[in-house]
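Read the structure below first, then the notes.
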There are 2 protein chains.
Amino acid sequence: MSTMTTASPDALAQRLADSGLRSTPQREVIYDVILRKRDHPTADEVYARVRADLPSISLATVYNCLETLVQCDLVRAVNFERAPTRYCPNLHPHAHFHDEQSGSIHDIQLPAELLEKISAVLPAGYDAKSLQITFRGKAQPAA
Amino acid sequence: MSTMTTASPDALAQRLADSGLRSTPQREVIYDVILRKRDHPTADEVYARVRADLPSISLATVYNCLETLVQCDLVRAVNFERAPTRYCPNLHPHAHFHDEQSGSIHDIQLPAELLEKISAVLPAGYDAKSLQITFRGKAQPAA
DNA sequence: CTTGCTACTTAGAACCATTCCAATTTGTTC
DNA sequence: GAACAAATTGGAATGGTTCTAAGTAGCAAG
Ligand SMILES: [Mn+2]
Ligand SMILES: [Mn+2]
Ligand SMILES: [Zn+2]
Ligand SMILES: [Zn+2]
């Protein structure tokens, strides 16, 4: 299978190599931190978590590594309004639900059938490379 | 009819009064500028256009007035990634297509039927107040 | 009218997520 | 293990937006 959606930590070295990049402790720990707790942390939150393992890492490196992971398609960057960018390890096509109460982000699975219907709404001449769908409202903690 | 989608310039004074706010030259010109050219200008672009009529307006006032218009539901604020906020006079529910070549934003009409299908994808317990749909890609100048 | 009250505007400082920069460190290749 | 390239680092810079404090303008009694 060619598209991997829940990449293992080991996939990192391979992906980096494919792009002519090196595997470094910083990149490994950052990727690991994002895979482990599958919320949608900001760069600052990643920084805080990574420092447990790498106390001397710099925030600039966190930004650099996150950018690298995004380029390598191992992580997605998602934005809500003008709030700090968040990072998402879910590579399936999915929507985001932003809970206004808690500030938390929930992934919403999207049936392929629906994605097609949405893309079909584009007039001729429009060629969409990406589609972003964001809900905002109240989310009950599901039982 | 209760919901107005292409408000006249005169609607402004009424909407402001409804919220206990005053109609000012700055608010009138800014609203007018956004209605006239229905692209999706940034605050800076609004500032540039408004200065033709009000050369001494300040950028802070532009931000203040735009915020007021958004609160009064006369204009919508839309964000693309972390780029400067853009302002949209189209109050119909619609998606946005961001043309990567030109940087321009195009409104995409959404059938109510599709909007329902999209909202239906939310699990029980999720109550969405707003939905944002953004395409990104290449758009041919339609004939 | 005038006085007082409040809303509004203004210039500039502050904010803050992110990017840039120059210097150092690290890893890889011969 | 010298040479070279890639990556990391701390700190400065950036830039859209918000804040602050002072000034201005419209309105409501008196
Ligand atoms: Mn947010
Ligand atoms: Mn943009
Ligand atoms: Zn996600
Ligand atoms: Zn629009």
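Throughout, a chain's letter reflects where its sequence line sits, starting with A, and its residues are numbered from 1. Every value quoted in this text rests on a predicted model; they were computed, and no experiment measured them.
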Atom-to-atom span, CG of A:L54 to P of C:dT25 - whole angstrom: 17 Å
Euclidean distance, atom CG of residue A:L12 to atom P of D:dA7 [Å, nearest integer]: 12 Å
Atom pair distance, as rounded to whole Å: CG in A:L21 and C1' in C:dT28: 14 Å
Donor-acceptor pairs under 3.5 Å, side chain of residues 74-83 of chain B to any protein atom, not counting sequence neighbours: which ones?
residue, atom, partner, partner atom, Å
B:R76, NH2, B:L91, O, 2.5
B:N79, ND2, B:T85, OG1, 2.8
B:E81, OE1, B:R136, NH2, 3.1
B:E81, OE2, B:R136, NH2, 3.3
B:R82, NH1, A:R82, O, 3.0
B:R82, NH1, A:A83, O, 2.7

Electrostatic pair A:E100:B:K129 at N-O distance under 4.0 angstrom: yes
Rounded distance in Å - CD (A:E81) to P (D:dT17): 12 Å
Note, A:L12 side chain near A:D32 side chain (heavy atom, < 4.5 Å): no
Pair listing, ring-ring contact (aromatic ring centres under 6.0 Å, His included) test, anchored in residues 99-118 of chain B, at least two apart: A:Y126-B:H106
Integer-rounded Å distance: D:dC4 C1' and A:R22 CZ: 9 Å
Atom pair distance, as rounded to whole Å: CG in A:N79 and C1' in D:dT17: 16 Å
Base-contact (B) and sugar-phosphate-only (S) positions in nucleotides 8-16 of chain D, heavy-atom cut-off under 4.0 Å, - elsewhere: SBBB----S
Value in whole Å for how far the P atom of C:dT9 lies from CD1 of B:I30: 8 Å
B:Q71 and B:S19: side chain donor to acceptor below 3.5 Å: no
Close aromatic pair by centroid cut-off 6.0 Å: A:H96 and A:H94: yes
